[in-house]
Amino acid sequence: MADRIKRAMQNGLFFVEDLAGGRPPFPVTEEKIQFTSSCISVACLHEIDGEAELILGRADEVMPAYSLDFDGELETPSRQLKITHVPGEVLLKTAVDQASTRVRIWRSHPDWPGWG
């Protein structure tokens, strides 16, 4: 079953990575989704504009009605995946089957944030 959380996201950004951490994308650009083999950064609704809703689960549980924004592999050597936000707080986490996990990200409002 998919897990959900609504949260005002500091800096309008969250990260998807292995529970032990990953190497964040650098340099930071205006792209809404940036990634390395071990970390994905995703721009979302900024805290001053309200709460962003994050859903973590299997694709068949999430069943989004939005266009797919990211589809790639993420290193998950601990076999646990987490979503964090800028202060580093773990918002959601789940066990995964492999040391490399297919991650797909759908964004409900692809124009947010207003960068670029």
Side-chain angles (χ1 to χ4, degrees):
M1 180 176 219
D3 290 323
R4 298 170 181 260
I5 189 170
K6 282 189 175 183
R7 178 68 62 93
M9 302 298 283
Q10 186 174 349
N11 296 328
L13 189 64
F14 66 89
F15 300 92
V16 182
E17 58 191 330
D18 183 76
L19 188 62
R23 183 178 44 84
F26 185 82
V28 175
T29 68
E30 293 179 0
E31 293 295 317
K32 306 239 187 319
I33 298 177
Q34 298 179 76
F35 60 94
T36 66
S37 62
S38 61
C39 182
I40 306 165
S41 68
V42 182
C44 64
L45 184 66
H46 195 282
E47 66 183 333
I48 63 172
D49 295 318
E51 292 182 323
E53 181 177 23
L54 305 177
I55 304 169
L56 177 62
R58 300 178 62 85
D60 60 351
E61 296 172 340
V62 175
M63 300 298 281
Y66 317 114
S67 297
L68 182 63
D69 289 311
F70 177 84
D71 187 353
E73 292 289 319
L74 186 68
E75 296 170 359
T76 51
S78 74
R79 290 184 166 72
Q80 293 187 74
L81 187 79
K82 69 179 178 180
I83 296 177
T84 62
H85 65 128
V86 172
E89 175 188 4
V90 176
L91 302 173
L92 296 168
K93 67 180 179 177
T94 191
V96 295
D97 296 331
Q98 304 292 323
S100 179
T101 301
R102 182 180 182 189
V103 174
R104 288 177 275 185
I105 297 172
W106 294 268
R107 297 173 68 241
S108 64
H109 200 296
D111 294 332
W112 280 334
W115 298 343

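Note that the structure is predicted; figures quoted are calculated from it, not measured. Here, residue 1 is the first one in the sequence, and each next residue gets the next number.
- Both L81 and F70 are assigned to one and the same hydrophobic cluster, defined by single-linkage of ILVMFWY side chains at heavy-atom distances under 4.5 Å.
- The backbone N or O of R23 sits less than 3.5 Å from a side-chain atom of T36, completing a donor-acceptor pair.
- No continuous path of hydrophobic side-chain contacts links W106 to V16 [ILVMFWY only; heavy atoms under 4.5 Å].
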(message) Show, in sequence, the C-alpha distance, side-chain angles and deciding distance for H85 and E47, and conclude whether the side chain to side chain contact (heavy atoms under 4.5 Å, CB included) test is met.
(response) CA-CA 11 Å; H85 65 128; E47 66 183 333; over 6 Å; no

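- Of all non-hydrogen atoms in C39 and G22, the two that sit nearest each other are CB-C, 4.3 Å.
- Within 6.0 Å of CZ on F35 lie no more than 12 heavy atoms contributed by other residues, nucleotides or ligands.
- Residues I55 and A2 share a closest heavy-atom pair of CG2-CB, 3.8 Å.
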(message) Please evaluate residues Q98 and V96 with respect to the criterion side chain to side chain contact (heavy atoms under 4.5 Å, CB included), reporting the C-alpha separation (whole Å), side-chain torsions for both, the decisive distance (0.1 Å), and the verdict.
(response) CA-CA 6 Å; Q98 304 292 323; V96 295; over 6 Å; no

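- Annotation: the span from F15 atom CZ to I40 atom CD1 amounts to 11.5 Å, rounded to 0.5 Å.
- Atoms CG and CZ, from D71 and R102 in turn, are 4.0 Å apart once rounded to the nearest 0.5 Å.
- Here the closest heavy-atom approach between residue A8 and residue E51 is recorded as N-CG, 3.8 Å.
- Separation of atoms CG (L92) and CG (L54) is listed at 6.0 Å; rounding is to 0.5 Å.
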(message) Applying side-chain hydrogen bond (donor to acceptor under 3.5 Å, both in side chains) to S37 and E75, what does each step give before you reach the verdict?
(response) CA-CA 6 Å; S37 62; E75 296 170 359; 2.9 Å; yes

(request) Dump the intermediate steps for side chain to side chain contact (heavy atoms under 4.5 Å, CB included) on L91 and M9, then the final yes or no. (result) CA-CA 10 Å; L91 302 173; M9 302 298 283; 3.7 Å; yes

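- Between the side chain of E61 and the main chain of M1, a donor-acceptor pair closer than 3.5 Å is present.
- Smallest separation of non-hydrogen atoms from E17 and L74: CA-CD2, 3.8 Å.
- No donor-acceptor pair closer than 3.5 Å links the side chain of Q80 to the backbone N or O of L19.
- In this structure, R4 CZ and L56 CG are separated by 11.5 Å, a value rounded to the nearest 0.5 Å.
- Nearest heavy-atom pair, S78 versus A20, reported as atom, atom and distance to 0.1 Å: OG-N, 4.2 Å.
- Placement of I5 and V103 within a single hydrophobic cluster is found when ILVMFWY residues are connected by side-chain heavy-atom separations under 4.5 Å, directly or transitively.
- With values rounded to the nearest 0.5 angstrom, E89 atom CD is found 4.5 Å from R7 atom CZ.
- Nearest approach of L45 to G50, heavy atoms of both residues: CD2-C, 3.7 Å.
- Between R104 and V62, every side-chain heavy-atom pair lies at or beyond the 4.5 Å cut-off.
- Separating the CG atom in D69 from the NZ atom in K32 is a distance of 10.0 Å, to the nearest 0.5 Å.
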